[in-house]
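For reference, the structure is listed below as structure tokens.
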Amino acid sequence: MSGITYVRGDATVPRGSGVKIIAHVCNDLGGWGKGFVLAVSRRWPEPEAAYRAWHRGRAHNDFGLGAAQFVQVAPYTWVANLIGQRGIRTGSKGVPVRYEAIDAALALLADKALELGASVHMPRIGCGLAGGTWSRVEPLITERLVRRGTAVTVYDQGD
């Protein structure tokens, strides 16, 4: 078990060979337009379209906190839309991040990664606009993914 690999770079351009899943956290309101999703949308239209359709059909599907949606964007590349934040703004109920939802979505991600034999690539999920702290998110990634043998690379922006 090697743990999490940290690199500088763009998580939408994952390093290494084999099947890769790019994971990121989405809100439960159907909003897509700030943060890491902009980089995703610049590269592929499919994850945003799938997320919006998933949200529109939420009365008849599993859309909600803790859910995960997997969108294939290239022969060996997938994007995982993880619903891990309630709303989009910090308010009287605190920051939007919901650690228990990220944990549940990571469990689904781990299953998909094992099914595909994939590595997982991500920014510091839940720690940007969602307002979370890496010290709370990192152990969830270690428990759900690394301990099950999935290679995880975390990308910090910059050269």
Side-chain angles (χ1 to χ4, degrees), residues 4 6-7 9-14 20-74 77-113 115-116 118-146 150 152-158:
I4 300 170
Y6 291 88
V7 299
D10 182 351
T12 67
V13 185
K20 300 172 197 75
I21 301 172
I22 300 165
H24 68 109
V25 167
C26 301
N27 64 68
D28 65 348
L29 294 179
W32 182 291
K34 288 187 176 181
F36 183 70
V37 299
L38 296 176
V40 171
S41 290
R42 277 194 293 274
R43 290 190 61 80
W44 310 283
E46 299 92 345
E48 178 180 357
Y51 169 79
R52 290 186 185 280
W54 188 29
H55 177 261
R56 273 192 310 275
R58 66 191 177 280
H60 305 288
N61 65 36
D62 66 346
F63 184 93
L65 286 170
Q69 179 188 52
F70 303 97
V71 183
Q72 191 167 11
V73 295
T77 307
W78 295 71
V79 171
N81 295 330
L82 311 178
I83 310 300
Q85 72 180 71
R86 161 106 42 220
I88 55 173
R89 290 191 173 82
T90 297
S92 61
K93 295 182 179 166
V95 294
V97 70
R98 295 294 180 265
Y99 297 108
E100 64 284 352
I102 290 175
D103 188 44
L106 286 171
L108 298 171
L109 173 59
D111 290 343
K112 187 68 170 181
E115 172 194 323
L116 296 172
S119 57
V120 172
H121 304 260
M122 64 180 71
R124 292 187 187 235
I125 61 170
C127 298
L129 296 172
T133 61
W134 191 244
S135 63
R136 295 272 311 269
V137 175
E138 185 185 42
L140 303 176
I141 293 166
T142 299
E143 182 63 31
R144 293 296 185 179
L145 295 163
V146 175
T150 298
V152 176
T153 302
V154 172
Y155 296 75
D156 288 312
Q157 289 183 324

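Predicted model only: the values in this text are computed from it and were never measured. Throughout, residue positions are numbered sequentially from 1 according to the sequence presented.
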Heavy-atom pair of closest approach, residues L82 and A105: CB-CB, 3.8 Å

V71 vs W54 side-chain heavy atoms within contact, under 4.5 Å: no

Nearest heavy-atom neighbours spanning I141 and M122: CD1-SD, 3.5 Å

H121 and Y155 aromatic ring geometry - parallel, tilted or perpendicular at 30°/60° bounds: tilted

Residue pair E143 / L106, side-chain heavy-atom distance below 4.5 Å: no

Minimum-distance pair of heavy atoms, taken over all atoms of L109 and A80: CD1-CB, 4.0 Å

Sub-4.5 Å side-chain heavy-atom contact between W44 and T77: yes

Spacing of I22 atom CD1 and R43 atom CZ [to the nearest 0.5 Å]: 7.0 Å

Residue pair H24 / N81, side-chain heavy-atom distance below 4.5 Å: yes

R98 CZ to L65 CG distance, which is reported to the nearest 0.5 Å: 7.5 Å

P47 side chain reached by V73 side chain, heavy atoms, under 4.5 Å: yes

Listed pairs under 3.5 Å, donor-acceptor, residues 35-42 side chains, sequence neighbours left out:
unit_1	atom_1	unit_2	atom_2	d
S41	OG	W32	NE1	2.7
S41	OG	V37	O	3.3
S41	OG	E48	OE1	3.0

Counting only pairs under 3.5 Å, give me each side-chain donor-acceptor contact of residues 126-139, with atom names and distances, residues two or more places apart or in other chains.
unit_1	atom_1	unit_2	atom_2	d
W134	NE1	Y6	OH	3.0
E138	OE2	Y6	OH	2.3

Straight-line distance of E115 CD to I21 CD1, nearest 0.5 Å: 8.5 Å

Nearest-0.5 Å distance that lies between atom CD1 in I83 and atom CG in D62: 9.0 Å

Nearest atoms (heavy-atom pairs only) where L29 meets N27: N-OD1, 2.8 Å

Under 3.5 Å: donor-acceptor pair, side chain of D28, backbone of G87: yes

Sub-4.5 Å side-chain heavy-atom contact between T90 and P96: yes

Those residues that, when tested against D111, pass side chain to side chain contact (heavy atoms under 4.5 Å, CB included) (two or more places apart): R148

Interatomic distance, I88 atom CD1 to C26 atom SG [nearest 0.5 angstrom]: 13.0 Å

